[in-house]
Protein chains: 2
Amino acid sequence: MTFTRTLPLTDISQADACSSSLARSAIAPDHADSLARSLKALADPARLRIISIVAAHADAEACVCDLTDQLTLSQPTISHHLKVLVDAGFLTRAKRGTWSYYSLVPGSLDSVAGVLAAV
Amino acid sequence: MTFTRTLPLTDISQADACSSSLARSAIAPDHADSLARSLKALADPARLRIISIVAAHADAEACVCDLTDQLTLSQPTISHHLKVLVDAGFLTRAKRGTWSYYSLVPGSLDSVAGVLAAV
DNA sequence: TCCTTAGATTGACATTGGTCAATGTATTGA
DNA sequence: TCAATACATTGACCAATGTCAATCTAAGGA
């Protein structure tokens, strides 16, 4: 325990960003909490597929009907997953007429990826 | 829905790697499953702190006693989290005498980070 | 051989989380 | 105004998960 590696495992989630640098020491408990929350939002097959489907669309935007077509899940279940992703800051919703269009929040995935890669 | 973005959201988890490129289409369901499994293993505050503590140690190696010192969790709970991380391929265990030393699997975190960043 | 120590395993418990049926809410069109 | 469409919300249910107390296993030391 004499030498300590540089360790920028800092939380950069969009919701509750905390920009303090955690280099040279272990991650702080509250940072671990918020990073875990972000990862939990991603750690579901249906939600990963949703993100992927949205990203694969033109303009990175998709309506719920696009998702019900491709996922074998009920419409309420898909709405639930969408809410989780919006609350976590990975998607945004834009309502136009009767349709709700979901799109990726730029940089939100990269933030999480950056924290993981930095360990 | 005419233009489809390049989308290399492929699974590169260590356990069940599948190297097919998923560019230009949404992620396949089974790839979403295994990526979700990897993310689930990371999506816990205690496990993130464990990874961070191991990474912060000299030689990126720590014994269980180092973890019980810093985490306010029982020893069985910490052993449980360590098992989850080993099973997911993020840590390896080396037993020397009475002590168990855990270390990071090189590249395992970067694999997950790379998949996320590629979306 | 016996005791102590480090750590893993088991079993039980409460909480969280994913899912769907049923229902609610806007918006559009007739 | 009424019916249909697109989506959200509620409530309930079951499965998965995090936690700890108790116990087990193995390695040293006296």
Side-chain angles (χ1 to χ4, degrees), chain A residues 1 27 29-30 32-54 57 61-88 90-103, chain B residues 1 27 29-30 32-54 57 61-88 90-103:
Chain A
M1 210 200 273
I27 190 177
D30 53 334
D33 286 346
S34 60
L35 177 56
R37 266 192 296 274
S38 294
L39 290 171
K40 269 185 209 297
L42 296 176
D44 180 271
R47 291 198 285 272
L48 289 174
R49 294 188 64 193
I50 286 174
I51 287 180
S52 173
I53 291 170
V54 170
H57 261 72
E61 197 182 57
C63 65
V64 180
C65 57
D66 292 324
L67 301 168
T68 51
D69 284 348
Q70 301 186 45
L71 305 176
T72 56
L73 289 171
S74 71
Q75 176 265 318
T77 298
I78 293 179
S79 273
H80 162 69
H81 287 307
L82 287 168
K83 179 174 169 50
V84 171
L85 289 172
V86 168
D87 289 348
F90 293 107
L91 293 182
T92 52
R93 170 164 54 198
K95 187 158 188 175
R96 293 199 295 273
T98 313
W99 290 270
S100 287
Y101 293 90
Y102 287 87
S103 44
Chain B
M1 207 196 275
I27 189 176
D30 53 334
D33 286 346
S34 61
L35 177 56
R37 265 194 295 276
S38 293
L39 290 171
K40 268 186 209 297
L42 296 176
D44 181 271
R47 291 199 285 272
L48 289 174
R49 294 188 64 193
I50 287 174
I51 287 179
S52 173
I53 290 170
V54 170
H57 261 72
E61 195 182 58
C63 66
V64 179
C65 57
D66 293 324
L67 302 168
T68 51
D69 284 350
Q70 301 185 48
L71 304 177
T72 56
L73 289 171
S74 71
Q75 176 266 318
T77 297
I78 293 179
S79 273
H80 161 71
H81 287 306
L82 287 167
K83 179 173 169 50
V84 171
L85 289 172
V86 169
D87 289 348
F90 293 107
L91 294 181
T92 52
R93 171 164 53 199
K95 186 158 190 176
R96 293 199 295 273
T98 312
W99 291 270
S100 287
Y101 294 89
Y102 288 86
S103 43

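Letters A, B, ... are given to chains in the order of the sequence lines, protein chains preceding strands, and every chain is numbered from 1.
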(request) Let me know the distance between CZ of B:R49 and C1' of D:dT19, rounded to the nearest Å. (result) 16 Å
(request) Find the distance between CD1 (B:I53) and NE2 (B:H57) and round it off to the nearest 0.5 Å. (result) 8.0 Å
(request) Write down the distance between CG (B:L85) and C1' (D:dG18), rounded to a whole number of angstrom. (result) 13 Å
(message) The side chain of A:H81 is closest to which nucleotide in this list: C:dG7, D:dT19, C:dG18?
(response) C:dG18
(request) Would you kindly give the CZ-to-C1' distance between B:R93 and C:dT9, to the nearest whole Å? (result) 11 Å
(request) Can you figure out which of C:dA21, C:dT9, D:dA6 approaches the side chain of A:T98 most closely? (result) D:dA6
(request) When you get a sec, tell me which of C:dT19, D:dC7, C:dT28 is the closest nucleotide to the side chain of A:W99? (result) D:dC7
(message) How many whole angstroms separate atom CG of A:D66 from atom C1' of D:dC7?
(response) 13 Å
(message) Quick one: does any side-chain atom of B:R93 pair with a main-chain N or O of B:S100 as donor and acceptor, under 3.5 Å?
(response) no
(message) Using a heavy-atom cut-off of 4.0 Å across all strands, would you classify A:H80 as base, sugar-phosphate, or nothing?
(response) base
(message) Is there a side-chain contact between A:T77 and the phosphate of C:dC20, meaning an N or O under 4.0 Å from OP1 or OP2?
(response) yes
(request) Please state whether the phosphate of D:dC20, meaning OP1 or OP2, lies under 4.0 angstrom from any side-chain nitrogen or oxygen of B:S74. (result) yes
(request) Please state how far atom CG in A:L73 lies from atom P in C:dG17, giving the value in whole angstrom units. (result) 18 Å
(message) Check this one for me: any side-chain N or O of B:Y102 less than 4.0 Å away from OP1 or OP2 of C:dA6?
(response) no
(request) Specify the separation, in whole Å, of atom CG of A:L82 and atom C1' of C:dT19. (result) 15 Å
(message) Which nucleotide wins on minimum distance to the side chain of B:K40, given the candidates D:dT19, C:dC20, D:dT17?
(response) D:dT17
(request) Hey, could you give me the CG/CG distance between B:D87 and B:L82, rounded to the nearest 0.5 Å? (result) 10.5 Å
(request) Would you mind reading off the distance between B:I78 atom CD1 and C:dA6 atom P, rounded to a whole angstrom? (result) 14 Å
(request) Enter the distance from A:R49:CZ to B:L35:CG here, rounded to the nearest 0.5 Å. (result) 13.0 Å
(message) Rounded to whole Å, please give me the gap between NZ in B:K95 and P in C:dG7.
(response) 9 Å
(request) Give one of base, sugar-phosphate or nothing for B:Y101, where a contact means two heavy atoms less than 4.0 Å apart. (result) nothing
(message) Quick check: closest heavy atoms across B:V54 and B:Y102, and the distance to 0.1 Å?
(response) CG1-O, 3.6 Å
(message) Starting the side chain at C-beta, find the nucleotide from D:dA8, D:dG18, C:dG7 nearest to B:Q75.
(response) C:dG7
(request) Can you figure out which of D:dC20, C:dG7, D:dC7 approaches the side chain of B:C63 most closely? (result) C:dG7
(request) Calculate, to the nearest 0.5 Å, the distance between atoms CZ and CG belonging to A:R47 and A:L91 respectively. (result) 11.0 Å
(message) On DNA chain C, does the nearest nucleotide to B:S100 precede the nearest nucleotide to A:D44 from the 5' side, or the other way round? Give the residue.
(response) B:S100
(request) Scan B:R47 against the nucleic acid and name what it touches under 4.0 Å (heavy atoms): base, sugar-phosphate only, or nothing. (result) sugar-phosphate
